[in-house]
Amino acid sequence: MPELVFFSGTMDCGKSTLALQIEHNRSARGLQGIIFTRDDRAGEGKLSSRLGLVTNAVEAGEGFDLYGHLVDRLSQGGRCDYVIADEAQFLAPEQIDQLARVVDDLELDVFAFGITTDFRSKLFPGSQRLVELADRIEVLQVEALCWCGARATHNARTVGGVMVVEGAQVVVGDVDAGDQIGYEVLCRRHHRRRTTAASARAAVLSPDVLPVDDRGTAVRH
């Protein structure tokens with residue numbers, strides 16, 4: 001039976017790489033699929049991985065009808081054996097409903113990839129709808145790590161390495177963005193404390209930190 005499968009995880013855990021691998025494996029067996037994406041870091045109509053892999057895709061922008069697009073393609077003699085939807089967290093709930101309809105009415109497997117929560121630890125509307133509708137949810141096993149070495153479970157937005165908790169839900173950026181808007185994956189503890197790698201490093205180097213003697217006792221002057 002065809003399925004709607006939601007592959008979820010934090011940033012930097014290999015979601016887009018897996019999407020590209022699924023596309024490669026199926027196309028190598030003579031199957032033809034279609035890839036939808038939205039707001040990929042590589043630009044419009046692209047599915048890209050941080051490993052440097054990239055392929056063309058259909059940009060599913062605001063108001064785009066994914067089900068209607070597939071019906072038009074099939075009615076014109078085109079072929080489609082499966083569907084991949086990357087950056088699915090950015091899709092509107094009604095677009096996720098369209099993906100479910102692709103599974104139920106067109107009997108095609110749909111593989112959706114996305115982040116579950118935003119930089120405020122709030123569910124993306126698209127991801128929430130996927131959790132509600134998916135036949136199966138797969139949490140990716142390639143664990144991203146927080147700067148402290150613990151398993152990363154939260155996505156943080158940073159500006160110049162400083163974590164921010166206000167702003168638009170969707171702002172396209174990437175990890176290692178320097179002084180620009182970027183993103184960093186953190187464990188829950190450091191997300192709650194708003195401690196990024198940059199701020200942790202700054203705290204260690206701060207001259208305000210009390211020196212410690214050989215017995216581990218803080219020295220006060």
Seminar exercise, completed: In terms of heavy-atom contacts, Leu186 and Thr196 come closest through CD2-CA, 4.2 Å
Problem set entry | Closest approach of Val164 to Val159 (non-hydrogen atoms, all atoms of both residues) | CG1-CG2, 4.1 Å
Compile the donor-acceptor pairs under 3.5 Å between side chains in residues 56-68 and protein atoms, sequence neighbours left out, one pair per line.
unit_1, atom_1, unit_2, atom_2, d
Asn56, OD1, Lys46, NZ, 2.6
Glu59, OE1, Gly45, N, 2.8
Glu59, OE2, Asp39, N, 3.1
Asp65, OD1, Tyr67, N, 3.2
Asp65, OD1, Gly68, N, 2.8

Exercise. With a 4.0 Å cut-off, would you call Lys122 and Asp118 a salt bridge?
Worked result: no
Exercise. Checking side-chain contact (heavy atoms from CB on, under 4.5 Å) for the pair Glu107/Met1: CA distance, chi angles, key distance, verdict?
Worked result: CA-CA 8 Å; Glu107 298 186 344; Met1 294 291 292; over 6 Å; no
Problem set entry | Rounded distance (nearest 0.5 Å) linking atom OG of Ser8 with atom CD of Gln89 | 10.5 Å
Seminar exercise, completed: dist Ser199:OG -> Met163:CE (nearest 0.5 Å) comes out at 9.5 Å
With a 3.5 Å cut-off and no angle check, do the side chains of [X] and [Y] form a donor-acceptor pair?
X: Asp72; Y: Gln76; value: no
X: Glu23; Y: Tyr82; value: yes
X: Ser49; Y: Thr17; value: yes

Problem set entry | Arg79 atom CZ: more than 12 heavy-atom contacts under 6.0 Å | yes
For this session: For the pair Arg38 and Asp40, evaluate salt bridge (Lys or Arg N to Asp or Glu O under 4.0 Å) and give the outcome as yes or no after the intermediate values.
Result: CA-CA 6 Å; Arg38 182 168 179 176; Asp40 187 275; over 6 Å; no
Exercise. Honestly curious: do Leu133 and Val5 fall in one hydrophobic cluster under the side-chain, below-4.5 Å linking rule?
Worked result: no
For this session: Could you tell me how the ring of Phe7 sits relative to the ring of Phe111: parallel (under 30°), tilted (30 to 60°) or perpendicular (over 60°)?
Result: tilted
Seminar exercise, completed: Residues passing the side chain to side chain contact (heavy atoms under 4.5 Å, CB included) test with His154, sequence neighbours excluded, are Ser121, Arg188, His191
Exercise. For Thr55, which residues count as a side chain to side chain contact (heavy atoms under 4.5 Å, CB included) partner, sequence neighbours excluded?
Worked result: Leu20, Ile35, Leu47
For this session: Report the C-alpha separation of Asp86 and Lys15 in whole Å, then their side-chain angles, then the decisive distance to 0.1 Å, and conclude whether the salt bridge (Lys or Arg N to Asp or Glu O under 4.0 Å) test is met.
Result: CA-CA 8 Å; Asp86 196 34; Lys15 296 182 301 301; over 6 Å; no
For this session: Before giving the answer on side-chain hydrogen bond (donor to acceptor under 3.5 Å, both in side chains), spell out for Gln98 and Glu94 the whole-Å C-alpha distance, their side-chain angles and the decisive distance to 0.1 Å.
Result: CA-CA 6 Å; Gln98 293 162 11; Glu94 55 268 25; over 6 Å; no
